[in-house]
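Heads up, the thing below is written out as structure tokens.
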Amino acid sequence: MSDKPLNGHRVLVLVTNYGVEQDELLVPVRRLRENGADVTVAAVSSDPVQTLVGDKDPGETVEPTTTFDALDPGAFQLLLLPGGTINADQLRLESKALETVKAFASSGRPIAAICHGPWALVEADVLNGKTLTSYPSLRTDVRNAGAKEWVDEEVVSDGANGYTLVTSRTPKDLDAFVAAVDKALVGS
């Protein structure tokens, strides 16, 4: 077995089957796997996940590893929520996804969300007292959900209120986001 920094760490990625921003899914998954993490992509159904580029142009399709219904959230150390406006808007309506978000936050396991991904955190009511960033249009939503502060920074890691939350604004922030996710995972 090769000696990689994330060997033995398990990451869960939650997405819907349509509309996730391509790079916000593929880049973290690829880099986490390259560093040795076992990454599971869970979707609403077992149908291929159609990614989008810029919320409009079709991107790559991804085969999900499992479905929300077959998921055991307790088997993972970190939850990753990619954006994409359509994906994030639909994800926050999925009760199984929200239960998973709440399970991670209440158990103290880290959560990472980029771009519109924090919408699921808003809906799950787990932002109380947190400082975070996101796509700018979510600023009011996260404040109304009890966040301490929304900031315009490439990555924010906040350990307040029992769990680490890593957030970033857009695909342009992916390098900083993935580095912060790695750090949160190793610390979990």
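Values below: every heavy atom of this structure, side chains too, minus hydrogens, waters and symmetry copies. Remember, predicted model here, so these are calculated numbers, not experimental data.
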Query raised in the report: Do D55 and E21 come close enough that some side-chain heavy atom pair is under 4.5 Å?
Result: yes
Report task. Go through the steps for S46 and T67 under the test side-chain contact (heavy atoms from CB on, under 4.5 Å), then give the verdict. Result -> CA-CA 6 Å; S46 59; T67 63; 4.2 Å; yes
Query - Pairs touching residues 146-161 that satisfy salt bridge (charged side-chain N to carboxylate O under 4.0 Å, His left out), sequence neighbours left out - result: K130-D158, D152-R169
Query - R30 with D23: basic N within carboxylate O range, under 4.0 Å - result: no
Query raised in the report: With the 4.5 Å side-chain cut-off for hydrophobic clustering, are L12 and V41 part of the same group?
Result: no
Query raised in the report: Under a 4.5 Å cut-off applied to non-hydrogen side-chain atoms, are F177 and V27 in contact?
Result: no
**Report entry** Derivation and outcome, side-chain contact (heavy atoms from CB on, under 4.5 Å), residues L6 and V186
**Finding:** CA-CA 7 Å; L6 300 181; V186 172; 3.5 Å; yes
Requested in this report: State, to 0.1 Å, how close H9 and Q77 come at their nearest heavy-atom pair, and which atoms those are.
Outcome: CA-OE1, 2.8 Å
Query raised in the report: Any chain of hydrophobic side-chain contacts (each under 4.5 Å) joining V122 to L165?
Result: yes
Query - Shortest non-hydrogen separation from L98 to A120 and the atoms involved - result: CD2-O, 3.6 Å
Query raised in the report: Under the side-chain contact (heavy atoms from CB on, under 4.5 Å) criterion, do K96 and D69 qualify, and how do the steps go?
Result: CA-CA 7 Å; K96 295 277 187 181; D69 286 336; 3.3 Å; yes
Report task. Determine, using the 4.5 Å side-chain heavy-atom cutoff (strictly less than), whether L79 and L71 are members of one ILVMFWY cluster. Result -> yes
Query raised in the report: Do you know which of T40, V62, V39 makes side chain to side chain contact (heavy atoms under 4.5 Å, CB included) with V13?
Result: V39
Query raised in the report: Counting heavy atoms not belonging to Y135, are there more than 12 under 6.0 Å from its OH?
Result: no
Query raised in the report: Would you say the side chain of V181 lies within less than 4.5 Å of the side chain of P28, judging by non-hydrogen atoms?
Result: no
Query raised in the report: Which atoms form the tightest heavy-atom contact between I86 and G19, and what is the distance?
Result: CB-CA, 4.1 Å
Report task. Could you state whether V178 and V156 fall into the same hydrophobic cluster, counting links through intermediate Ile, Leu, Val, Met, Phe, Trp or Tyr residues with side-chain heavy atoms under 4.5 angstrom apart? Result -> no
Report task. Using the side-chain contact (heavy atoms from CB on, under 4.5 Å) rule, take W150 and L127 through it: C-alpha gap first, then chi angles, then the decisive distance, then the call. Result -> CA-CA 11 Å; W150 182 92; L127 290 179; over 6 Å; no
Query raised in the report: Can L132 be reached from V126 by stepping across I, L, V, M, F, W or Y side chains whose heavy atoms are under 4.5 Å apart?
Result: yes
Report task. Locate the shortest heavy-atom distance separating K4 from R33; write the atom from each residue and the value. Result -> NZ-O, 4.5 Å
Query - For the student: nearest non-hydrogen atoms of L81 and L91, plus distance - result: CD2-CD2, 3.9 Å
Query raised in the report: Which heavy atom of V155 sits nearest a heavy atom of A180, and at what distance?
Result: CG2-CB, 3.6 Å
